[in-house]
Amino acid sequence: MRVTLTPIHRRDKGISGTIAVLQDVTEQERLEQSRREFVANVSHELRTPLTTIKSYAEALDDGAMVEQELGQRFVGVIRNETERMIRLVTDLLHLSRLDSKQSPLRRQAMNVPEMLEEVADRFSFQLRKKSIRATVRVEDGIETIWLDRDQIDQVLDNLVSNAIKYTLDGGRIEIAACRPDLTSIAISVKDTGIGIPKKDLSRIFDRFYRVDKARSRNMGGTGLGLSIAREIVKAHGGSIALDSELNEGTTVTVTLPALQSGGEPS
Ligand code: ADP
């Protein structure tokens with residue numbers, strides 16, 4: 001609570017009273033705190049790969065370049081770190097566009113079974129590499145849904161890519177669509193992966209929040225995938241929820257309004 005006191009002056013009587021303004025600054029402070037945290041996180045996330053790139057470039061300069069095998073390995077590290085930085089900056093730009101509502105939705109009628117089969121196809125190489133079996137299941141009667149294809153594809157890609165990243169070789173993934181009620185369609189991505197500890201669940205959609213930073217980084221994660229997914233789903237008038245059991249698996253469910261054509265949900 002911020003209190004501002006302003007004295008009331010009267011020409012002949014001096015101070016005749018005081019106006020007290022009580023302002024609730026809790027929300028303002030909370031926003032300011034999360035802004036500061038975000039900037040600190042971005043700086044840290046960019047600094048880490050830059051420090052690695054610098055030290056490997058120096059090592060090459062100091063002679064590692066002459067040993068062909070070592071030189072190639074160091075160049076590989078520099079390339080990986082650069083690619084991760086590009087992904088990070090791309091994700092940040094995307095989030096900033098979503099925050100400032102600069103990416104208006106371009107909704108179109110999408111065939112749900114086709115859309116889900118296509119996302120599984122896009123990941124067929126990674127799925128095969130880890131011997132993960134992916135299935136697609138769509139409840140009878142679900143045909144089309146009115147949404148921004150590119151944006152929802154990005155949501156599905158983030159969820160399926162996480163399911164693959166955090167599932168051990170030989171696991172299973174199910175991508176499903178059902179109708180929880182007459183006005184919505186729920187799309188879920190369920191895996192038999194490592195799961196998330198209960199204590200982390202409440203922060204899992206926060207920007208840069210990761211259960212295991214080192215593991216996520218090693219797998220090329222930016223820690224922004226779920227936050228981007230949540231913003232896109234919110235823009236569609238929907239919601240996203242995550243349910244997980246440690247060492248058993250995770251299910252992420254996106255619930256979208258079952259609009260048939262045109263308009264935005266009220
Ligand atoms: P990242 O780029 O680190 O994967 P995300 O925002 O996509 O970032 O996810 C945030 C964190 O949530 C991940 O670092 C991971 O700890 C956890 N997570 C997300 N999806 C899953 C999943 N399917 N199984 C287990 N953990 C997950």
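Remember, it's 1-based here, ligands and their atoms both numbered in the order they're listed.
- Remark: side-chain polar atoms of Thr255 are not paired, donor with acceptor, to backbone N or O of Ala186 under 3.5 angstrom.
- Using a 4.0 Å cut-off between charged side-chain N and carboxylate O, Arg149 and Glu118 make a salt bridge.
- Heavy atoms of Met219 found under 4.0 angstrom from ligand 1: none, in either backbone or side chain.
- Scanning the protein heavy atoms around atom 21 (C) of ligand 1, the nearest turns out to be Tyr166 CD1, 3.5 Å.
- The neighbour count for Lys129 NZ, taken as heavy atoms of other residues, nucleotides or ligands under 6.0 Å away, does not exceed 12.
- At distances below 3.5 Å, not a single donor-acceptor pair connects side-chain atoms of Arg84 with backbone N or O atoms of Thr222.
- Residue Tyr209 places a heavy atom under 4.0 Å from ligand 1.
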- Report the C-alpha distance between Ile232 and His94 in whole Å, list the side-chain angles of each, state the deciding distance to 0.1 Å, and finish with yes or no for side chain to side chain contact (heavy atoms under 4.5 Å, CB included). CA-CA 10 Å; Ile232 294 175; His94 193 170; 4.0 Å; yes
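- Counting heavy atoms closer than 4.0 Å to ligand 1, residue Ile196 contributes side-chain atoms (C-beta onward) but none from N, CA, C or O.
- Near Lys165, the atoms of ligand 1 lying under 4.0 angstrom from a non-hydrogen atom of the residue are 1 (P), 2 (O), 4 (O).
- For Arg87 and Glu83, the salt-bridge test fails: no basic side-chain N is under 4.0 Å from an acidic carboxylate O.
- When only non-hydrogen protein atoms are considered, atom 12 (O) of ligand 1 lies nearest to Ile204 CD1, 3.3 Å.
- Using a cut-off of 4.0 Å between Lys/Arg side-chain N and Asp/Glu carboxylate O, Lys198 and Glu245 are scored as salt-bridged.
- Counting heavy atoms under 4.0 Å from ligand 1, residue Leu226 touches it through both backbone and side chain.
- Closest to atom 3 (O) of ligand 1, if we only count protein heavy atoms, is Ser216 OG, 2.6 Å.
- Per-residue contacts place Gly221 under 4.0 angstrom from the following atoms of ligand 1 (heavy atoms of the residue considered): 2 (O).
- Shortest contact from atom 8 (O) of ligand 1 to any protein heavy atom: Gly223 CA, 3.2 Å.
- Protein heavy atom closest to atom 23 (N) of ligand 1, with residue, atom name and distance, is Asp191 OD2, 2.8 Å.
- The shortest contact between atom 14 (O) of ligand 1 and any protein heavy atom is with Arg210 CG, 3.1 Å.
- Interface of Leu224 with ligand 1, defined as ligand atoms under 4.0 Å from a residue heavy atom, comprises 6 (O), 8 (O).
- Checked for salt-bridge contact, Asp153 and Arg122 meet the test: a charged N lies under 4.0 Å from a carboxylate O.
- The Thr222 neighbourhood of ligand 1 comprises atoms 2 (O), with distances under 4.0 Å to a heavy atom of that residue.
- In this structure, the protein non-hydrogen atom closest to atom 7 (O) of ligand 1 is Asn162 ND2, 2.8 Å.
- Proximity to Val211 (heavy-atom distance under 4.0 Å) selects the following atoms of ligand 1: 16 (O).
- For ligand 1 and Gly225, the ligand atoms under 4.0 Å from any heavy atom of the residue are 5 (P), 6 (O), 7 (O).
- Checked by atom type and distance alone, the side chain of His236 never pairs as donor or acceptor with a backbone atom of Leu256 at under 3.5 Å.
- Formation of a donor-acceptor pair under 3.5 Å by the Ser55 side chain with backbone atoms of Thr52 is found in this model.
- No more than 12 heavy-atom neighbours from other residues, nucleotides or ligands sit within 6.0 angstrom of OH on Tyr56.
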